[in-house]
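In what follows, chains carry the letters A, B, and so on, assigned in the order in which the sequence lines appear, proteins first and then strands, with residues in each chain numbered from 1.
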Amino acid sequence: MPRLTKDDTHPVRFTLNGRPVSVRVSPRTLLTDALRHEIGATGTHVGCEHGVCGACTVQVDGEPARACLMLAQQAEGCAIRTVEGLGKSDALTPLQEAFREHFALQCGFCTAGILMTLDALFSRQPDAEEDAIREALSGHLCRCTGYAPIVQAALAARNRIKGGPIDA
Amino acid sequence: MKDTVTEKLLGQSALRVEDPALLSGRGRYIDDLPVAAGTLALAFVRSPHGHAAIRSVDTAEATQAAGVVAVITGDDVAARTRSMTVGVKADVECWPMAVDRVRYVGEPVAMIVATDRYLAEDAADLVVVDYAVLEAVVEPVAALAEDAPVLHPSLGSNLINERSFRYGEPEAAFDAAAHRIGIDVTYPRSACTPIETYGVVASYEPGEDAYDVTANFQGPFSIHAVVARSLNVPGNRLRLRTPPESGGSFGIKQGVFPYMILAGIAARIAGAPVKWIEDRLEHLSASVSATNRQTRIEAAVTADGRITALDWDQIEDCGAHLRAPEPATLYRMHGNMTGAYDIPNMAIRNRVVLTNKTPTGLNRGFGGPQIYFALERLMDTIARHLGLDRLEVIRRNLIPAKAFPYRTASGALYDSGDYATALDRAVAEGGLAELYARRDKARAEGRRYGIGFACVVEPSVSNMGYITTVLTPEERAKAGPKNGAQATATISIDPLGSVTVKVASVPQGQGHRTVLAQVVADKFGLPLEAVRVLADVDTMRDAWSIASGNYASRFAPAVAGATEIAAARLRDKLAKVAATQLNISASDVLFEAGRIRSAGNPDNSLSFARVAATAHWSPGTLPDDVDQTMRETVYWTPPELEAPTAEDGVNSSLCHGFIFDFCGIEIDPETAEPRIDRYVTMHDCGRILHPAMVDGQVRGGFAQAVGAAFLEEYSYGADGSFQSGTLADYLLPTVMEVPEPVILHHETPSPFTPLGAKGVGEGNCMSTPVCIANAVADALAPEGDAPEIVLPVTAAKLAPLIFGDEPAPKEPVSETKTEDTAGGRKLTGEGRAVVQASREDVWRMLLDPATLDAIIPGSHGVRKVGETRFEADVTLGVGPVRGRYKADIDLSDLDPPNAVTLSGQAVGALGTGGGEGRITLTDTEDGTEIAYRYEARIGGKVASVGGRLLDGAAKVVIGEFFRALARHCGGGASSGAVARLRGLVDRIIKGGRS
Ligand code: FES
Ligand code: FES
């Protein structure tokens with residue numbers, strides 16, 4: 001990584017949902033702030049900024065990661081995927097559809113992070129058992145739903161997509 | 001017109017119209033909205049102390065910092081505002097930013113306006129506040145003591161309001177009763193902590209002296225008046241808007257209003273719009289929490305278990321300021337203090353006290369968790385006392401079905417219910433018999449398993465006048481009556497004949513837009529998609545009332561009801577228009593499948609859009625008795641919500657749902673961890689408008705209640721330091737902790753609401769904590785007296801009850817100890833070190849600023865400012881939290897070269913520390929042994945976010961100090977000596993006992 005000076009902004013380049021982006025930020029800028037306020041991809045939410053709630057979860061090179069615990073500069077050269085990279089509102093993926101059908105969201109603030117975690121889980125493990133699903137979800141806080149509908153939605157999505165990538 | 005439109009949408013679990021956008025990252029929450037160019041960021045300087053006088057606020061350095069546009073103090077705010085309205089008659093001020101004195105950790109002391117959030121927060125660290133720390137009081141009972149430190153000197157004490165009530169003949173009932181059974185209950189503080197924090201964007205137009213504020217506020221909009229008054233402008237100079245989406249609230253976002261005032265003032269001073277998004281530490285330490293309460297409740301009970309009177313004594317802790325609408329938490333339940341039971345006599349004594357904790361405010365359940373915990377623990381105690389079956393005691397006291405509408409002793413009018421049937425159905429359909437069998441089996445195997453019950457009446461649609469019960473009847477008479485609960489709805493039809501609904505319900509995820517589309521589409525015979533709904537608010541454009549907003553579970557009963565009425569009125573109008581065009585009478589008009597037709601002749605029809613658009617395109621063709629306004633606004637308020645009577649009777653809410661819960665809980669024999677085996681919750685919320693959403697509300701409330709029962713607590717040190725400032729300290733339940741409850745329904749429609757619906761979202765926050773506590777009590781003590789159960793029920797609390805007190809270790813196992821109870825977050829410790837230098841040399845070094853500078857970890861310079869006084873600048877870190885502190889060190893009890901006491905205070909942006917240590921020096925064979933003993937207290941941000949790490953950190957810092965001293969003494973020593981020193985140092989670090 002090049003040497004960065006603290007009071008200057010520096011360019012950082014990565015792909016966001018498959019498209020190359022370049023943005024100038026100071027070395028201490030969080031990835032969440034770069035995504036939301038520099039690039040305008042506000043689908044990724046911020047609930048705690050200390051790595052506990054999971055609302056900010058994105059995929060970095062296919063792995064779920066807390067964007068609030070990453071500096072934007074650390075994304076240099078990475079493939080970042082966010083909720084905006086799942087299905088659009090008029091063409092939801094089976095995972096998103098399942099969330100809708102099972103009422104697995106209320107305020108929707110935690111939802112983007114949860115979708116990104118489950119999407120990564122099912123790409124790796126299309127036949128993930130309920131235990132694995134719960135394990136993955138245990139890194140997320142939802143204050144609205146009581147979780148049961150989220151688990152049901154995840155199971156329904158898994159059944160629907162078993163054997164194939166989620167949004168292919 | 002025939003009322004035979006098939007209602008096919010309402011009552012169905014329609015897919016939510018909100019979801020496609022929310023699922024694809026297109027939600028529009030406050031931090032996602034576009035802001036005007038040149039909008040600045042706002043950051044706060046907050047009190048690290050629970051209680052302190054502000055001697056001075058030095059903003060000089062912060063003002064010069066990069067990007068800073070303005071630094072604003074409490075005095076600057078006070079000069080431009082008025083104290084916020086306080087809901088009781090008391091000589092007390094309530095400022096949105098501290099003036100002269102801070103009264104809770106996190107209280108705003110200054111604010112920075114800068115070009116971005118990072119720079120604003122940098123500058124906040126540069127504001128130097130000189131505090132004179134005052135003694136704090138954090139417990140409500142202690143706050144009432146004669147010699148307690150007083151938060152607001154103008155009040156003279158911490159008791160801000162006291163009222164006593166008497167309904168029926170309570171004394172006579174107690175005299176006549178076979179038993180007087182009572183319990184004391186301590187209900188702790190917790191909060192519903194939405195995942196999205198507060199956010200405010202504000203601007204000020206000097207030419208019009210007008211504020212424009214957008215905030216993720218949730219209502220009630222009576223607060224609009226509080227904010228406008230405080231900003232010193234008429235209501236029409238405060239435009240308040242809410243974003244389309246809000247990331248949960250559960251009551252909490254009512255508490256954003258002081259920040260609306262502050263952001264407005266900041267925008268005015270900075271001359272530019274400002275934006276503030278709260279961070280999680282700010283949210284946990286300084287948004288709002290529910291009240292904690294100390295209650296004594298007694299019942300007069302007949303020999304066969306009938307309760308004839310209740311006697312309540314409640315001490316409500318509202319924190320540092322009584323902020324609007326408090327003390328509403330204490331009064332919202334006033335009408336239903338007898339719960340689900342037919343109890344004719346009651347006495348209530350209510351005291352409201354202030355303590356050095358965060359001010360309280362709306363929280364899901366609002367007052368219900370506190371009273372039902374007391375009432376339902378009492379029911380359990382009565383059954384134990386009389387040796388009766390718990391369910392039997394409940395049954396004997398339930399209000400009979402034929403008694404509805406039922407007037408309670410304190411004046412509520414319960415609308416509908418059949419409690420006994422709901423209970424019986426729950427017992428049968430929820431499988432209580434099987435649960436008993438599980439308990440028997442578990443107990444036979446020696447396991448600890450308990451079953452608990454709870455009965456709750458869930459009020460919804462608050463009477464805006466209930467809070468005036470806090471005033472005496474004379475004060476009320478003088479102030480004029482307050483009552484009602486106006487809900488508003490506007491429906492309009494545009495020139496293409498499509499329908500728009502506008503309500504001021506400010507949803508935070510409850511799917512209001514979907515349900516209203518169902519209501520209106522049904523009325524007009526349209527498909528769901530044909531109706532668009534807006535539920536966010538703009539006070540300059542929309543119909544709203546003081547009761548508007550998303551609280552008191554008022555959506556389904558009140559807002560959906562008002563919408564139903566507006567739709568009916570518009571439909572009547574359209575029916576007349578259609579009747580003329582179809583050449584039939586209005587009573588023959590039918591709305592169906594997008595068309596308006598003759599009931600008798602399906603072929604005689606017109607499209608809905610065509611009829612609906614007539615008023616726009618050809619108003620001249622309308623029948624004479626129809627005006628051309630294709631817009632209907634309804635303000636609906638139920639007549640049942642009357643002002644409190646001269647006898648203090650109050651119908652505090654319009655609707656009263658019923659909940660009966662039972663659960664089985666097992667306590668792990670090894671870890672004492674409690675676990676829910678099964679949970680059954682029966683609800684009567686009147687008519688169900690959307691089954692999936694109703695169950696969603698039940699599950700969500702249940703999950704929060706599970707958190708309150710097992711995990712969550714706002715934890716304060718005795719000095720007022722706040723110790724649960726992160727989501728790693730304030731634990732919310734995850735998917736692992738929340739089981740799926742069995743949800744049952746028994747519908748008795750409300751006769752008082754247009755759709756027959758009642759509120760449903762808050763009930764489990766009232767019923768579940770106490771149901772769990774009753775089960776835990778049963779597991780611990782199946783018969784006889786049960787130990788006091790204080791939430792949250794953690795393994796740490798249960799272990800001593802099960803295993804007995806842990807024996808004290810023979811040898812202290814660790815050199816540091818943490819106590820949360822006395823003197824704040826207190827660390828104590830001791831240790832020894834041997835260094836290769838004479839006593840005199842060590843003594844000299846300890847008193848020499850240059851040596852101290854070299855050996856104090858993180859020192860940036862030590863100055864001697866007096867014979868026995870030093871000042872130091874140090875950087876200290878606890879985990880990721882590093883900060884720079886100014887330390888004052890005093891030496892006392894000097895006994896050269898044998899012993900000295902060091903005492904010090906350190907203050908920095910991240911918090912405060914203080915402590916005392918005694919160092920003694922004794923000769924050894926090859927040098928000097930230094931023995932030390934210390935006591936330290938830590939407060940402010942460090943205590944809030946780093947509490948878990950403090951013990952280890954203190955050990956390391958103190959160890960480093962002596963390691964450096966040893967190095968200093970042994971400077972230039974042979975390698976053998978160095979090795980020996982290392983051994984010593986290791987011993988210091990490991991345990992200090994050589
Ligand atoms: S915002 Fe990143 S984990 Fe909470
Ligand atoms: S849906 Fe609101 S936090 Fe999960």
Under 4.5 Å to a heavy atom of chain A? For B:Gln704 that would be both
Taken to the nearest 0.5 Å, the spacing of A:Thr145 OG1 from B:Gln697 CD works out to 11.0 Å
Okay, A:Glu135 and chain B: the region with an atom under 4.5 Å from a heavy atom over there is both
Under 4.5 Å to a heavy atom of chain B? For A:Ala112 that would be neither
Among B:Ala692, B:Pro741, B:Ala703, the residue with the most heavy-atom pairs under 4.5 Å to chain A is B:Ala692
If one checks every heavy atom of B:Arg117 against chain A at 4.5 Å, the contacting part turns out to be side chain
With chain B, the option among A:Ile150, A:Asp33, A:Leu105, A:Val83 that has the most non-hydrogen atom pairs under 4.5 Å is A:Leu105
Note: A:Gln106 and B:Arg16 closest approach over all heavy atoms is O-NH2, 2.7 Å
What one should report as the nearest heavy-atom pair of B:Thr734 and A:Ser138 is CG2-O, 3.9 Å
Residue set satisfying salt bridge (charged side-chain N to carboxylate O under 4.0 Å, His left out) with B:Glu282, at least two apart, ordered chain then number -> B:Arg46
Ordered numerically, the heavy-atom neighbours of chain A under 4.5 Å found in residues 18-26 of chain B are B:Asp19, B:Pro20, B:Ala21, B:Leu22, B:Leu23, B:Ser24, B:Gly25, B:Arg26
Checked B:Pro194, B:Ser13, B:Pro34, B:Cys192 vs chain A; the most non-hydrogen pairs under 4.5 Å come from B:Cys192
Honestly, the part of A:Leu115 sitting under 4.5 Å from a heavy atom of chain B is side chain
Rounded to the nearest 0.5 angstrom, the CG-CG distance for A:Asp7 and B:Leu119 is 9.0 Å
Most heavy-atom pairs under 4.5 Å with chain B, out of A:Arg100, A:His37, A:Glu97, A:His45, belong to A:Arg100
Counting heavy-atom pairs under 4.5 angstrom with chain B, the leader among A:Gly146, A:Cys107, A:Gly51 is A:Cys107
Honestly, the part of A:Thr82 sitting under 4.5 Å from a heavy atom of chain B is neither
**Any B:Thr726 side-chain heavy atom under 4.5 Å of A:Val52 side chain** = no
Side chain to side chain contact (heavy atoms under 4.5 Å, CB included) test vs A:Leu141 passes for just one of B:Leu731, B:Leu732, B:Val735, B:Thr193, namely B:Leu732
Under 4.5 Å to a heavy atom of chain B? For A:Val151 that would be side chain
Under 4.5 Å to a heavy atom of chain A? For B:Ala14 that would be backbone
- Task: Report yes if the side chains of A:His50 and B:Arg280 come closer than 4.5 Å at any heavy-atom pair, otherwise no.
- Result: yes
### Task
Look at A:Arg143 together with B:Glu712 and state whether they make a salt bridge at an N to O cut-off of under 4.0 Å.
yes
Looking only at heavy atoms, the pair that brings B:Tyr118 and A:Leu30 closest together is OH-N, 3.0 Å
Quiz prompt | Donor-acceptor contact present, side-chain A:Tyr147 to main-chain B:Pro733, <3.5 Å | solution = yes
If one checks every heavy atom of B:Phe702 against chain A at 4.5 Å, the contacting part turns out to be neither
Take A:Phe103 and B:His690 through the test side-chain contact (heavy atoms from CB on, under 4.5 Å) and record every step on the way to the result. CA-CA 11 Å; A:Phe103 300 92; B:His690 189 296; 3.6 Å; yes
Salt bridge (charged side-chain N to carboxylate O under 4.0 Å, His left out) filter on B:Asp32, not counting sequence neighbours, yields A:Arg36
Sequence neighbours excluded, the answer for salt bridge (charged side-chain N to carboxylate O under 4.0 Å, His left out) partners of B:Arg678 is B:Glu434
| said: Taking B:Glu740 first and then A:Arg134, would you say they form a salt bridge - that is, a charged N and a carboxylate O separated by under 4.0 Å? | reply: no
When every non-hydrogen atom of B:Phe250 is compared with those of A:Cys144, the smallest separation belongs to CZ-SG, 3.6 Å
Bottom line for A:His102: the part with an atom under 4.5 Å from chain B's heavy atoms is neither
On a heavy-atom basis, the closest approach of B:Asp122 and A:Arg28 is OD2-NH2, 2.7 Å
- Task: I would like to know whether A:Val46 and B:Asp31 meet side-chain contact (heavy atoms from CB on, under 4.5 Å); could you show each step before the answer?
- Result: CA-CA 9 Å; A:Val46 172; B:Asp31 194 28; 5.9 Å; no
Scored by heavy-atom pairs under 4.5 Å with chain B, the best of A:Cys142, A:Gly108, A:Ala41, A:Gly139 is A:Gly108
Bottom line for A:Glu84: the part with an atom under 4.5 Å from chain B's heavy atoms is both
All heavy atoms of A:Gly47 vs all of B:Thr197, minimum pair found to be O-CG2, 4.3 Å
